[in-house]
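Everything on this sheet refers to the single structure shown next.
It should be emphasised that the depicted structure is a prediction, and the values quoted were computed from it without experimental measurement. By convention in this document, chain letters (A, B, ...) are assigned in the order of the sequence lines, proteins followed by strands, and residues within each chain are numbered from 1.
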There are 2 protein chains.
Amino acid sequence: MDLTERKLKILQAVIADFIKTAEPIGSRTISKNYSLGSPATIRNEMSDLEEMGYLTHPHTSSGRVPSEKAYRLYVNELMKKRELSQEEKDAIANELYQNVNELDSLIERAAHVLSEITSLTAFALSPGKEQDKLRYINLLPVDDYSVVLMLVSDSGKVSNTVVRLKAPASEDTLRILAKNMTYNYSGKTLSEALTMDIIQNLKADAEAMSMFENSIAPSFIKTLEDMLNVNLYMDGLTNIFALPEYNDIQKARSFFEMINRKADITQKLISRGDGIEITIGRENQDAELSDCSVITATYHVDGRLVGKLGVIGPTRMKYDEVTSVVEYLTDNISKAFMLTEGDDDDR
Amino acid sequence: MDLTERKLKILQAVIADFIKTAEPIGSRTISKNYSLGSPATIRNEMSDLEEMGYLTHPHTSSGRVPSEKAYRLYVNELMKKRELSQEEKDAIANELYQNVNELDSLIERAAHVLSEITSLTAFALSPGKEQDKLRYINLLPVDDYSVVLMLVSDSGKVSNTVVRLKAPASEDTLRILAKNMTYNYSGKTLSEALTMDIIQNLKADAEAMSMFENSIAPSFIKTLEDMLNVNLYMDGLTNIFALPEYNDIQKARSFFEMINRKADITQKLISRGDGIEITIGRENQDAELSDCSVITATYHVDGRLVGKLGVIGPTRMKYDEVTSVVEYLTDNISKAFMLTEGDDDDR
DNA sequence: GATTAGCACTCAAACGAGTAGAGTGCTAAC
DNA sequence: GTTAGCACTCTACTCGTTTGAGTGCTAATC
């Protein structure tokens, strides 16, 4: 059987209406709102579309609901890109840049804006720092028994840990050790630094060495890992309560329990492809996501740092709108954080 | 009418059973499980207790439910402190100290443990830093146009911001400016620092002054505020789905929406009294909390830093258990972070 | 006088029959 | 190939009935 022009139009109409209303769509509705023929004709066509796997039937006497196959077709072929109007763009940019001056707050803000616009649950991943290089290592005394260990990377990311010392250290010792560590590590990527044999490389006096081995080394590793770690920001969690799909308390519960396992979510996001990726229903490996769709996009900062953002929602979502917004956001993040280059004045 | 011995016992029985089952308690149930007389006797007593305001009646032919007044009496007089067994204490300590080496992670961990044990929603507030004093200010170059502004406080808290400069700065200028800022601000509390007239106090060369005014000052204020700001950690949000009180999707929704307004929650927590504070139902000012109880406790670190933690749940909660756990946790936090004093080897 | 047994009464929740309405599938006419 | 017409299906809703837990009251008992 062929997907004739009219069949496509009817399918598109069903998808559009269902995305709006979340109710199964009957032949009469389509017939009234689109001039595609009488209810009976539409019924025949719908019946064909069902046979072809694009529509389903909750029960014999109800209207039609798009299948995952239909959404896939829609996303790949039928959907036309929804250009954002200048006002929309301005509104987004406005929201996005509200007192933001480090990358992570921008990312967090992006998740917020995204959830606001789409009325779905949004998330954003701060960039992976594998290729980022260490620049400085500093040790600053707090009191006799504690120092701040501070790492600064080329991309401007700063991480610090307060380290408790087993024995008090002189400022001199700290200075020497910090200098020595910087000498050894600066220019190395974070991942390299983690795999280096640390003790071997240090050449310092006995006191510094002992302090390093006993107190600093474990914190150093932890701080490196901390720098490498991506942060997951989520927003709009309660948006799902507005969706009829989640009227059932059990559904809402399992959604929240899934979304709360942040480590899992991060893992899943990282392993998604580059660019805009849309997965629909059971295309998501995960059983828990089998009636959700996920849309993610990748942003790049300065050609080196890479992160993701996106939304999760029911398979019935405004794919066109979400795609546009997600794309616009990633573009803007990339533009806002051109490192090293002299930056284009604010907004 | 008097609260006779038997009335008290019956009241206590109703409260205990209701906390367990969330179902209205009938006279037969009490009569069977406690030897306090026949159902008819219990009925008469319950009727009196209702007249006195300790019990209510969802409808004529249902069992009794404790009123807020009953919970208040229970908490103030009837409840006996539930001592934690050594195993319970060990289990808590074990969970609590899992790879924790800064105060904030300990606080976060505490919220986690608390929610796990109580099966309620737990929160913890990192300490307010008003009395904390600035120790260091540092400016570290990242590249020509950006520097890290870093503040270290007496309590070991470190905050940093990456500042974009309008014009490139020499390392010398940065060093001079940092030294000068440290000279002016070290020893001041964070709140004092915020109110000081910054520009007035600097005595540095023209280049440093201009950099300060144009680039550093706004970030400095922001970083100070960031240091002052308390963090709110929450855990066990999805626990409420297991409670019959939140079987209604609307209730669950408004709970989540309330709990998501983090700024509000922080505000409310901060304004609560010292020590263990229990507020029941409409004792909470907030209409949104009118069928919740909130239990908070205060921890002190080193006599200067003060923070809070606690749980929020339905008025029907295990007040005795929650109180004990919350108390044990705050004690442990205080002990774990005796700053300056040589620390007592772990656990 | 306090306690208890007994009984009529109340109400929510569960169940089931009946109905309305939306929608389909099929047939026959256009 | 399209459409009107009609029988049929199924859900959602309504309404009356039943069941069972529990009360309140009265009268008998301790």
Selection from [options] that lies nearest to any side-chain heavy atom of [X]:
X	options	answer
A/T41	C/dT24, D/dT2, C/dA5	D/dT2
A/T60	C/dG25, D/dC10, C/dT4	D/dC10
B/S47	D/dG24, D/dA4, C/dT3	D/dG24

Practice item. Would you check, one step at a time, whether the test side chain to side chain contact (heavy atoms under 4.5 Å, CB included) holds for B/H57 with B/L55? Key: CA-CA 7 Å; B/H57 232 178; B/L55 294 177; over 6 Å; no

Exercise for review: Give the ring-plane orientation class for A/F241 versus B/F256, where under 30° counts as parallel, over 60° as perpendicular and anything between as tilted.
Suggested key: tilted

Exercise for review: To the nearest 0.5 Å, tell me how far B/I312 CD1 sits from B/N239 CG.
Suggested key: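 It is 12.5 Å, given to the nearest 0.5 Å.
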
**Study point:** Nearest-0.5 Å distance that lies between atom CD1 in A/I276 and atom NZ in A/K308
**Key:** 12.5 Å

Between atom [atom1] in [X] and atom [atom2] in [N], what is the gap in whole Å?
X	N	atom1	atom2	result
B/E45	C/dA2	CD	P	10 Å
A/I42	D/dG1	CD1	P	17 Å
A/K32	C/dA22	NZ	P	9 Å
B/L55	D/dT23	CG	P	10 Å
A/H59	C/dG25	NE2	P	12 Å
B/R6	C/dT3	CZ	C1'	8 Å
B/N44	D/dG24	CG	C1'	9 Å
A/M46	D/dT2	CE	P	16 Å

Is any side-chain N or O of [X] closer than 4.0 Å to OP1 or OP2 of [N]?
X	N	answer
A/R43	D/dT2	no
A/R64	C/dG25	yes
B/R28	D/dT23	no
B/S62	D/dG22	no

Study note, to complete from the structure: The residue, B/L36 or B/P58, whose nearest nucleotide of DNA chain C is more 5′ is B/L36

Review point. So which one's nearest nucleotide on DNA chain C is more toward 5', B/S38 or B/S61?
Key: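 Its nucleotide being nearer the 5' end, the pick is B/S38.
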
Check your understanding: If you measure only the distance, is there a donor-acceptor pair under 3.5 Å linking the side chains of A/T279 and A/N284?
Key ->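 The criterion, which ignores hydrogens and geometry beyond distance, is satisfied for A/N284 and A/T279.
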
